[in-house]
2 protein chains.
Amino acid sequence: MKNTNENVNQKVKLDDVANEAGVSKTTVSRVLNNRGYISEKTRKKVHEAMELLNYHPNEIARSLFINKTFIIGLIFPTTNNPFYGQLIFHLENISEALGYKVLLCNSEGREDKEKSYLEMLQRHQVDGIIAGSHNRGILEYDNPQLPLVGIDRYLSENTPVVSSDNYDGGKKATQLLIDKGCKKIIHINGSPSLETPANLRREAYEDVMKENQCYPQSYVIGENVIETIFNENPNIDGIFASDDLIASSVMKEAKRRNINIPADLKVIGYDGSEITRMLLPELSTIQQPVKEIADLAVQLLLKQINGETESKIEWKLPVKLIESETT
Amino acid sequence: MKNTNENVNQKVKLDDVANEAGVSKTTVSRVLNNRGYISEKTRKKVHEAMELLNYHPNEIARSLFINKTFIIGLIFPTTNNPFYGQLIFHLENISEALGYKVLLCNSEGREDKEKSYLEMLQRHQVDGIIAGSHNRGILEYDNPQLPLVGIDRYLSENTPVVSSDNYDGGKKATQLLIDKGCKKIIHINGSPSLETPANLRREAYEDVMKENQCYPQSYVIGENVIETIFNENPNIDGIFASDDLIASSVMKEAKRRNINIPADLKVIGYDGSEITRMLLPELSTIQQPVKEIADLAVQLLLKQINGETESKIEWKLPVKLIESETT
DNA sequence: GACAACATGTCAACCGGTTGACATGTTTAA
DNA sequence: TTAAACATGTCAACCGGTTGACATGTTGTC
């Protein structure tokens, strides 16, 4: 009953609070969870005791019982990238506002890491996962009965995918280069073996090129690819890179070769994240609505978590063409 | 005893595995934790049962009992920043390699968010926290009996702080500008009210300036500050920005005013993160050893977690001057 | 042949909350 | 006056693992 405080050495638990406040364990729990009848006087007493003892309810114990952790797992290649950095920032932000915490997993695009993260997240009883990484199939195979949302990645037949309107983005980018008078336009993208809606950027590129009687030609990003492109295509006058980092490498190489942008070569990227806009404002790009993507992804995940159904699988959000100095 | 599989609807638990394998709960636990005597035959049986049922041990239950979660909390302003993005990537990476998971908290530099995150992390029974955000005092006040490490931030008297050698970095940067013949050098930094070792960058700047009979003048970053600097100092010929993003804004403004860099104005930044180097390679900067900082921070945290003592409080890692086109 | 080491089982307490059932007493409203 | 609503307590089961104590039986070895 008495305040036997004086630097508690062990963790304070609910029992201790009950003793301090002179009430029962059940009453404290009632105060904590706002259930049943509680008088203001008792509520105050309990809160004071909690304050005095510096009590922090053990979420682990709570989670175990209620069978819910309020944790969401995020699996993405890396935070060390302007687009993902911004996306993850918003995902965390929105989740936090809705009472969820976030376990961060940097898969580095490696299948083995992704697999072990998935396993780890299941052991940790996360309430759901948002992933934007690697191959279809892995998650499908393990078939966790877990709420799941993909960002720019197909995870399985029935998991919702949120992405920007990649086809429209690819169309806008290609069309701009053509409108600016480019004749020999090349597209550079990531590995097309990944099953991602981002491949639509290339599809749109090819369609628009053909519509304009141009021959589409794509390169997959990799070691020395950009040099190769310049070497193999001396008459190149337009490049559509499927992300801004690639575009920046293109610009660097062009500079090295004294190719003037935009006079001799026009370049457009994709993503338009805040950091890229800040550090490389001269680059024209297709901007993804990152915050909206994050918003929708969390919303769809929470729907699943709460058992609501939603039949729409593919969600596309509008992109914005940002024209700058490279076109 | 029999495989009563056929799509398990509820969560598989240890009991189910025991039944499937035809052994006792204790034996399964022994296999799982590698304790006591277990024959190869039994071990195999148990593993097969786990596979068959697609069993994932409930870490929550385990954590509750062993009183350890293997989770580390990370409190940083944002992942949407080249430096923090890279730092957080490495922190997660290293933690993962050592068997720890990471709860991500974007404080946005807000005191209230930081406070509520701290509270949340304690409820979730994290094993420790690495923070690189905001004011001293908050964490100290709450005085959590929690392993704690700061990165570039003093958190309390006795919490270790890891940072780059800020004084040396500031010295190198300023000296470079002076060596290049700058006479009127201005420093731009973040709020000096934050108690962070990063303030040493400015101290070094001031010391070097005085040593060279120059008058040191610092501005705090904020709305329109850069314009103000140019307006108030028409004869300015050198700027040392305390991070690369600020430096990039300086470059942008200089371009707008047709001030030629480096001919009329030399600029040097601080951080040298991968993304900045990639997008803005022409910027001279002081590069922090991000991976080494992350490495050391995790190491120091684990030491605390494991009850080992370490009396050294301030850790400084060497920086590297990267000279490029802006100086 | 005996004793140590190996192999496994049963049982129950425990980690720190949550919850339902039930009891008792006090207010409040009709 | 009396029933409903309010306020709190006790008790025990439960969430899903872990662990120690103790029992029993099998091998291996000197």
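Numbered from 1 within each chain, the chains take letters A, B, ... in sequence-line order.
- Although no hydrogens or angles enter the test, the distance criterion places no donor-acceptor pair under 3.5 Å between the side chain of B:E310 and the main chain of B:Q304.
- Listed for the B:D127 side chain is a donor-acceptor partner under 3.5 Å among the backbone atoms of B:T69.
- B:I60 CD1 to A:K68 NZ: the interatomic distance, rounded to the nearest 0.5 Å, is 13.0 Å.
- B:H56 and B:N58 share no side-chain donor-acceptor pair at under 3.5 Å.
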Could you encode protein contacts along nucleotides 14-30 of chain C as a string, one character per nucleotide from 5' to 3', using B for base contact, S for sugar-phosphate-only contact and - for no contact, with a heavy-atom cut-off of under 4.0 Å?
BBBBBBS----------
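- Contact annotation: A:Y37 does not reach the phosphate of D:dA7 (side-chain N/O to OP1 or OP2, under 4.0 Å).
- Under the 3.5 Å distance criterion, the side-chain polar atoms of A:N33 are matched with a main-chain donor or acceptor of A:S29.
- Between B:N34 atom CG and C:dT8 atom P the separation is 13 Å, expressed in whole Å.
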